[in-house]
Amino acid sequence: MTEQSSAEQPWPVRVVSQKINAWIGRLGWIWVDGQVAQLSRRPGSATVFLTLRDPSADLSLTVTASRDVLDSGAPQLSEGARVVLHAKPEWFAQRGTLSLRADEIRQVGVGELLARLEQLKKLLQAEGLFDPRRKRRLPFLPRRIGLITARASAAERDVLTNARRRWPAVDFRVVNVTVQGPTAVPSIIGALQSLDGDESVDVIIMARGGGAVEDLLPFSDEALCRAVFACRTPVISAIGHEPDTPLVDWVADVRASTPTDAAKRVVPDLGDEIRLIEQARGRVNRAMRHRVEREQQRLDSLRSRPALAKPYQMIETRATDVAALRDRAARALTHRVHRAEGDLTHTLARLRALSPAATLTRGYAIVQRADGHVVRAAGEVSTGDALRIRLAEGELTSTVTTTSEEKA
């Protein structure tokens with residue numbers, strides 16, 4: 001193995017502690033804001049010990065101050081109060097612990113708390129955490145409802161009782177948390193993340209009864225507001241009463257005025273839904289009955305028409321018309337045939353009167369030479385020419401012995 005360089009040599013613990021002490025010493029005096037988690041006033045001691053907690057994180061520091069500093073700045077200080085103190089960080093090298101030494105302590109009043117909340121509200125609004133467009137619609141009938149509330153509280157009882165009265169089969173997953181004090185914010189954020197990670201939970205309700213402004217401060221915490229904004233599951237905020245509006249009300253998808261109101265919003269009323277179904281069924285039945293009656297009237301109207309009332313009448317009428325037309329056609333055809341027959345007889349008589357055969361029957365004959373040429377004059381034949389004489393019945397064959405021209 002190679003030897004480590006001097007820069008890589010490990011530091012002793014005391015050296016690390018000394019360097020941390022030197023760095024912290026350069027911080028000087030600072031103003032610190034926090035919530036008093038524990039206050040210890042030992043009888044006969046001039047020193048007071050406080051445990052100061054960050055409401056948004058699981059982090060605390062020990063603060064020491066003289067009794068005179070506490071009595072002059074916050075004589076009525078109690079656990080859970082918000083304070084601002086002027087202190088100097090101190091590092092105890094032997095124990096390796098950090099603490100604060102305060103020379104001024106101021107308890108934060110309601111007015112100052114409201115002013116800080118207003119500043120935080122403007123900041124969150126500017127970042128879009130209150131944007132109505134990102135708010136999600138609640139499911140009509142969630143499979144399971146996550147409920148974040150204090151154990152055995154009136155808020156828990158109101159939500160469960162009213163929700164089950166409206167929909168008896170509703171399923172809840174209840175996570176009990178601390179709803180006020182220094183541990184409230186981490187407890188609520190942990191429950192919120194646990195329910196948001198549960199795939200069976202369709203909606204989350206955060207419920208708390210009414211209280212003073214200081215009691216509702218955890219629900220205006222910045223870390224809690226951002227945790228609600230980051231949830232993929234719709235969140236209903238039911239904190240306090242109608243006038244109470246912690247900042248989480250603005251971030252949540254739905255703001256309920258009371259825990260009872262949250263129960264009414266998260267599930268439908270079974271009785272109302274049954275009445276709506278009955279009304280819808282009644283409307284459907286009336287519509288179908290009206291439709292059937294209207295179609296029946298149409299059928300009755302169609303059936304009352306002659307074509308459907310007496311369907312054979314049309315066939316009989318057409319059959320009569322066809323028979324009449326056939327008779328007319330037969331008569332016309334017979335008349336036409338008889339007239340054509342008369343014309344043909346007349347034409348035949350004329351043909352017979354004009355035909356050579358008719359002439360022959362009157363005693364005339366047709367004389368033809370051997371080549372078939374009809375002899376019309378004596379000069380057309382010569383002595384010794386063979387002639388065929390066609391009579392009305394039969395033919396004669398002769399030879400020319402002499403002609404009129406030769407006699408002459």
Side-chain angles (χ1 to χ4, degrees), residues 1-75 77-108 112-113 116-117 119-120 123-124 127 178 181-190 192-193 217-218 220-227 230:
M1 296 179 59
T2 59
E3 292 187 4
Q4 294 179 331
S5 63
S6 59
E8 297 175 346
Q9 290 294 331
W11 288 0
V13 174
R14 67 178 184 279
V15 176
V16 175
S17 182
Q18 291 171 358
K19 289 185 175 293
I20 293 175
N21 186 36
W23 185 84
I24 291 176
R26 291 195 295 269
L27 289 177
W29 291 85
I30 56 176
W31 286 97
V32 182
D33 177 18
Q35 187 174 22
V36 178
Q38 186 176 359
L39 176 61
S40 176
R41 296 178 176 177
R42 298 176 182 176
S45 175
T47 304
V48 178
F49 297 91
L50 297 85
T51 300
L52 194 66
R53 177 181 291 275
D54 188 332
S56 302
D58 189 13
L59 179 65
S60 61
L61 285 175
T62 301
V63 180
T64 59
S66 67
R67 186 179 294 271
D68 294 338
V69 168
L70 181 62
D71 292 341
S72 62
L77 186 64
S78 60
E79 294 179 356
R82 293 289 293 268
V83 296
V84 175
L85 52 86
H86 189 247
K88 186 178 187 304
E90 291 183 343
W91 177 260
F92 293 90
Q94 279 95 7
R95 296 196 301 269
T97 58
L98 177 67
S99 65
L100 300 174
R101 178 164 54 86
D103 65 353
E104 185 176 353
I105 299 177
R106 301 177 186 173
Q107 185 170 354
V108 177
E112 186 174 353
L113 285 175
R116 292 187 181 186
L117 292 181
Q119 292 178 355
L120 180 58
L123 173 64
L124 298 179
E127 293 184 12
T178 304
T183 62
V185 173
S187 178
I188 297 172
I189 292 177
L192 191 67
Q193 293 173 346
L217 280 179
S220 293
D221 187 82
E222 181 179 359
L224 179 58
C225 291
R226 297 188 183 278

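Given the structure is predicted, the values throughout are model-derived calculations rather than measurements. Along the sequence shown, residues are numbered consecutively beginning with 1.
With Leu77 as reference, Val36 is the one residue of Asp71, Val48, Val36 to meet the side-chain contact (heavy atoms from CB on, under 4.5 Å) rule.
Rounded to the nearest 0.5 Å, atoms CH2 (Trp91) and CD1 (Ile20) are 4.5 Å apart. One distance of note links CG of Asp33 with CZ of Arg82; it measures 5.0 Å at 0.5 Å rounding. Within the model, atoms CD of Gln35 and CG of Leu217 stand 7.5 Å from one another, a figure rounded to the nearest 0.5 Å. With values rounded to the nearest 0.5 angstrom, Lys88 atom NZ is found 11.0 Å from Asp103 atom CG. The CG atom of Leu85 lies 12.5 Å from the CZ atom of Arg101; values are rounded to the nearest 0.5 Å. In this structure, the separation between CG on Leu39 and CZ on Phe49 is 11.5 Å, given to the nearest 0.5 Å.
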Audit row: Glu104, Trp31, side chain to side chain contact (heavy atoms under 4.5 Å, CB included) steps and yes/no: CA-CA 9 Å; Glu104 185 176 353; Trp31 286 97; 3.6 Å; yes
Full working for side chain to side chain contact (heavy atoms under 4.5 Å, CB included) between Thr97 and Thr62: CA-CA 9 Å; Thr97 58; Thr62 301; over 6 Å; no
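Smallest separation of non-hydrogen atoms from Ala102 and Ala65: O-CB, 3.8 Å. For the residue pair Glu90 and Leu98, the shortest heavy atom distance occurs at O-CD1, 3.3 Å. Nearest heavy-atom pair, Ser220 versus Leu120, reported as atom, atom and distance to 0.1 Å: O-CD2, 3.4 Å. Across every non-hydrogen atom of Ser60 and Thr51, the tightest pair is CB-CG2, 3.9 Å. Across every non-hydrogen atom of Gly34 and Leu52, the tightest pair is C-CD1, 3.6 Å. The two atoms that bring Ile188 and Thr178 nearest to each other are CG1-O, 3.8 Å, heavy atoms only.
Val83 has its side chain out of reach of Leu50: every pair of non-hydrogen atoms, C-beta onward, lies at least 4.5 Å apart. Put simply, the side chain of Pro218 does not reach to within 4.5 Å of the side chain of Leu224, judged on heavy atoms.
Taking the six-membered ring for Trp and thresholds of 30 and 60 degrees, Trp29 and His86 have nearly parallel ring planes, at less than 30 degrees apart.
With Arg42 contributing its side chain and Thr47 its backbone, the two residues share no donor-acceptor pair below 3.5 Å. The backbone N or O of Thr183 sits nowhere less than 3.5 Å from a side-chain atom of Ser187 that would complete a donor-acceptor pair.
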